[in-house]
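For reference, the structure discussed in these notes is given below.
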Amino acid sequence: MDTILDNFSNTEFIRVCVQDPRLHKDGRWHTHVDYEICLHTNSLCFRKKTSSVRRRYSEFVWLRHCLEQNAFIIDMPKLPPWNPFFSLKNTEQVIQRIKGLQKFLEIVLHTPLLLSDSRLHLFLQSDLSITKIARCAVGKTRYTVAEAIQCSRTGCIRSEEKVSCDSDCESTSSSGLGLSVDTSGRGSPIFFQSDGDPEPFCSFSETTSPLTEY
């Protein structure tokens, strides 16, 4: 019995949950939606064992392009299509977007070659904008990749307004976990566990807004 428990505790896992879509106004006329990405793992590939960040759709597009450029021999998973009429009022649209984003991360985290890309780790476990991620990954910042991840959500590195590519841009290429994530009352219809069947890690709660994402 002890052997079985030991083997279970030593089994490597990576769990990712995309949830809690929120709408943000960009000036007077434009808006965008971002999503919380919660990660829980015991993998040695990651510096932190739990983490939570927020990313918007266009940042997923940027990440996919980066990974594709760095690992061109791999058939990269697709993202859910960009929708110019995407709205948080449309529950079906929200659910399908979250499912697609989570499926993308699920496949990426299943691919060992992609786990060596520091931009992936910074995307999942730091508060840096994609501009800062690109600079940090090539050593052009005063802090290392490990420092950027470790200082996430602690104020060690001053947060900045994120700079991301346009949300309709379809083609634009380590670390760890440590912040405990409270998922009670949050929402997502999907949960991925790399070493087993899906579990009810989080539940989807409908969010309504008359504004649309551009």
Side-chain angles (χ1 to χ4, degrees), residues 8 10-22 33-83 86 91-126 130 133 149 152 167 170-181 183 186-205:
F8 180 79
N10 291 330
T11 300
E12 183 175 289
F13 67 87
I14 304 174
R15 299 170 183 165
V16 63
C17 181
V18 179
Q19 63 180 15
D20 190 25
R22 296 181 186 176
V33 177
D34 67 9
Y35 308 85
E36 183 181 29
I37 304 172
C38 298
L39 194 64
H40 181 208
T41 185
N42 64 356
S43 172
L44 296 178
C45 293
F46 295 87
R47 181 167 298 274
K48 291 183 179 179
K49 300 311 172 191
T50 59
S51 63
S52 172
V53 297
R54 300 198 66 85
R55 297 293 179 189
R56 59 185 290 184
Y57 177 83
S58 59
E59 293 174 314
F60 278 86
V61 174
W62 174 85
L63 175 66
R64 185 184 185 277
H65 176 75
C66 290
L67 296 176
E68 190 173 44
Q69 295 297 312
N70 193 42
F72 56 89
I73 62 173
I74 295 176
D75 186 16
M76 289 295 300
K78 295 186 180 299
L79 289 167
W82 175 72
N83 182 357
F86 181 85
T91 303
E92 182 61 27
Q93 285 184 352
V94 174
I95 291 176
Q96 292 305 314
R97 171 68 66 85
I98 290 175
K99 283 183 177 180
L101 295 177
Q102 182 152 326
K103 181 64 176 178
F104 169 79
L105 291 178
E106 170 186 340
I107 296 174
V108 167
L109 293 173
H110 258 119
T111 309
L113 180 60
L114 298 180
L115 292 178
S116 64
D117 195 314
S118 59
R119 290 168 296 187
L120 172 63
H121 291 265
L122 289 166
F123 178 88
L124 293 173
Q125 299 199 302
S126 83
I130 58 175
I133 288 175
I149 292 172
S152 175
S167 59
E170 289 294 340
S171 60
T172 47
S173 142
S174 297
S175 33
L177 324 183
L179 300 173
S180 60
V181 180
T183 58
R186 295 277 175 115
S188 169
I190 302 298
F191 169 72
F192 164 65
Q193 180 175 352
S194 65
D195 59 339
D197 296 329
E199 298 177 11
F201 183 64
C202 48
S203 58
F204 175 77
S205 58

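Below, each value reflects all heavy atoms present in this structure, side chains not excepted, and no hydrogens, waters or symmetry copies.
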F60 six-ring face occupied by R56 cation (under 6.0 Å, within 45°): no

Note, R97 side chain near V33 side chain (heavy atom, < 4.5 Å): no

Atom of R54, atom of D20 and distance for their closest heavy-atom approach: NH2-O, 2.5 Å

Nearest-0.5 Å distance that lies between atom OG1 in T50 and atom CG in N42: 12.0 Å

Between CG on residue L120 and CG on residue L114, distance to nearest 0.5 Å: 7.0 Å

Closest non-hydrogen atom pair, P21 against I98: CD-CD1, 4.0 Å

Spacing of R55 atom CZ and L105 atom CG [to the nearest 0.5 Å]: 11.0 Å

Interatomic spacing from CD1 in I107 to CG in D75 - rounded to 0.5 Å: 9.0 Å

Minimum heavy-atom distance between L115 and C45, given as atom pair plus value: CD1-SG, 4.2 Å

Inter-residue atom distance E36.CD - Q19.CD, 0.5 Å rounding: 4.5 Å

Set of residues satisfying ring pair (Phe, Tyr, Trp, His ring centres under 6.0 Å) with respect to F104, sequence neighbours excluded: none

Within-4.5 Å side-chain heavy-atom neighbours: L39 and L109: yes

Steps toward side-chain contact (heavy atoms from CB on, under 4.5 Å) verdict (E68, I74): CA-CA 7 Å; E68 190 173 44; I74 295 176; over 6 Å; no

W62 vs I133 side-chain heavy atoms within contact, under 4.5 Å: yes

From CA spacing to verdict: side-chain contact (heavy atoms from CB on, under 4.5 Å), K78, K103: CA-CA 9 Å; K78 295 186 180 299; K103 181 64 176 178; over 6 Å; no

Residue pair I130 / E59: nearest heavy atoms and the distance that separates them: CG2-CG, 3.8 Å

Those residues that, when tested against Q93, pass side-chain contact (heavy atoms from CB on, under 4.5 Å) (two or more places apart): N83, F86, S87, N90

Rounded distance [0.5 Å steps], CG in L67 versus CE in M76: 4.5 Å

Stepwise side chain to side chain donor-acceptor pair (under 3.5 Å) check, E106 with Q102: CA-CA 6 Å; E106 170 186 340; Q102 182 152 326; over 6 Å; no

Nearest heavy-atom neighbours spanning T41 and F13: OG1-O, 2.5 Å

Derivation and outcome, side chain to side chain donor-acceptor pair (under 3.5 Å), residues R22 and Y35: CA-CA 6 Å; R22 296 181 186 176; Y35 308 85; over 6 Å; no

Pairwise side-chain contact, F46 with S51, heavy-atom cut-off 4.5 Å (strictly under): no

Smallest separation among heavy atoms of S126 and S152, with atom names: CA-OG, 3.7 Å

Minimum side-chain heavy-atom gap Y57-L101 below 4.5 Å: yes

